[in-house]
There are 2 protein chains.
Amino acid sequence: MQSICFTSGLYQTEIERLDQLVDRKPSLLKGEFLYQSGEPFTALFAIRAGMVKVFSVNDLSQEVIHGFYVPGDIVGMEAMACQRHEFCAVALDTTSVCALPYPQLTRLAMEVPNLNAQIFSLMSQEIVTGRLHSTILAQKTAEQRLADFVLMMSGRLRARGYEYTQFRLNILHRDVACYLNLTPETVSRIFGKFQKLQLMSWKKKEVLIQDFDALQQIAQSSDQGN
Amino acid sequence: MQSICFTSGLYQTEIERLDQLVDRKPSLLKGEFLYQSGEPFTALFAIRAGMVKVFSVNDLSQEVIHGFYVPGDIVGMEAMACQRHEFCAVALDTTSVCALPYPQLTRLAMEVPNLNAQIFSLMSQEIVTGRLHSTILAQKTAEQRLADFVLMMSGRLRARGYEYTQFRLNILHRDVACYLNLTPETVSRIFGKFQKLQLMSWKKKEVLIQDFDALQQIAQSSDQGN
DNA sequence: CGTCTCCTTGACGTTCATCAAGTATTGTGG
DNA sequence: CCACAATACTTGATGAACGTCAAGGAGACG
């Protein structure tokens, strides 16, 4: 079962031991929380199916979205420091997850060096991802951000063996806007433009990418080049 | 010596074992690199004195600054996933660091649960810090970002027992601009305004904070409130 | 003491947010 | 299963915050 998350560096026997401590949760419905800000931290969550967004809420109770997580991803690592959640994680779709209870996980990690290294690696990757996100917010135009976003989601699905030119993506455009620090209006205008240019379409939760190269070019064009 | 970095959760005997694997480096001069993008990852670095900035370089060879690190901080954790640096770390001042060789560190961590937990905690904290940085870039006005930045640096010095109302900060305003996704011109204008209002001054690398409350208020004002 | 980099100050322009109003889509209860 | 309400998306007109460009002044380093 855990063939997706932690396992790239583990032996079969190690995977089996990991399986034993996994707490397989019932499916979450759209809108249900994995965790909320303020709750004590008890476990990491491995996503098996569906999609999750992680966000915080600012002073004016607007969401600030920090990431969308797909099957194979682990969420919750940001709470290990305080042993308390400062962020919220909510299902965007019917979602199934495995809980990895933290005390048991660390205990097992102390016995299985490969598992410990895997956790380090995942956390390190999360730091890098966060910095990339910052960079995109800071350096790219609205068009670049959107092209980048679509390609990134496609790439992550691809990396995990899913269809990546045409796929269901149950994310509100409003949430995309929020993740990329844009407004829904801007997102709408730019997706409209992309569709007119036959680069891609995103209607009714269905994404279709028609021209990867052109999107890539937009995403990378050296700032005001476009 | 290591009374600053990892040690909050360690016993004396554990600290001593950590001390044994520390590789105490000679001082770095301003402008010298701790590591550069592309180099293999060999060690984490604990900063003992001075200041370090971590950054990446974008397509147009402009720096994107991800953080400034002060004594007591650990840098390099983002490279654990790939075992290769994707970022650069450079001394902004005469800086002294300890290298914590990664293989030895992980080996020791396997024997000392407290140390392992400490590393998890630091990495988790780094994820949170990155998300806060994103949030500031995304949600705050130029004035708020600058007020926030000054208070943050002050707060970090304070947390580590240094002077925090008046202190040396060897960071170019250009680098502050880069970190906060602003231009040097904007930074100059706003610091000029803050000085006129007697909130703070920053001249010749010397920061003086005159009115914490007012800065706090600016940093937090609910967006366009100010 | 001179050069180079950094900082300052002003005038102007651009990107994207805001506001507003209308259309589509989704969800719900009868 | 349909009708209606609520939410999401679209499209246009306007505006503001900050970037860009330019030129002058101060500080730092050799």
Check: C/dC16 base within 3.5 Å donor-acceptor of A/Glu143 side chain: no
Within 6.0 angstrom of A/Tyr164 OH, more than 12 heavy atoms from elsewhere: no
Phosphate OP1/OP2 of C/dT15: any A/Thr186 side-chain N/O under 4.0 Å: no
Candidate nucleotides C/dT18, C/dC7, D/dA8, ranked by approach to the side chain of B/Arg174 - the nearest: C/dC7
B/Thr183 vs D/dG19: side-chain N/O to OP1/OP2 distance below 4.0 Å: yes
Closest listed nucleotide, where the reference is the side chain of A/Glu185 and the choices are C/dC16, D/dG12, D/dC9: D/dG12
Distance, rounded to the nearest Å, where A/Leu146 contributes CG and D/dC9 contributes P: 13 Å
N/O donor-acceptor pair under 3.5 Å between B/Ser124 side chain and A/Met77 backbone: yes
Length of the NZ-P vector between A/Lys203 and C/dT25, whole Å: 8 Å
Which nucleotide in D/dT20, D/dG12, C/dC6 has an atom nearest any side-chain atom of A/Arg189: D/dG12
Touch class at under 4.0 angstrom, heavy-atom based, for A/Asn181 against every strand present: sugar-phosphate
B/Leu60 backbone acceptor or donor facing B/Asn58 side chain under 3.5 Å: yes
Nucleotide of D/dT20, C/dT8, C/dT25 approaching A/Lys204 most closely (side-chain heavy atoms): C/dT25
Given D/dC29, C/dA17, C/dC16, the nucleotide with the shortest approach to the side chain of A/Thr141: C/dC16
side-chain N/O A/Lys140 vs C/dT15 OP1/OP2, d < 4.0 Å: no
Below 4.0 Å: OP1/OP2 of D/dT10 and any side-chain N or O of A/Lys196: no
Of B/Lys205 and A/His173, the one whose closest DNA chain D nucleotide lies more 5': A/His173
Matching residue for B/Thr135 among A/Asn181, A/Val64, A/Leu137 - test: side-chain contact (heavy atoms from CB on, under 4.5 Å): A/Val64
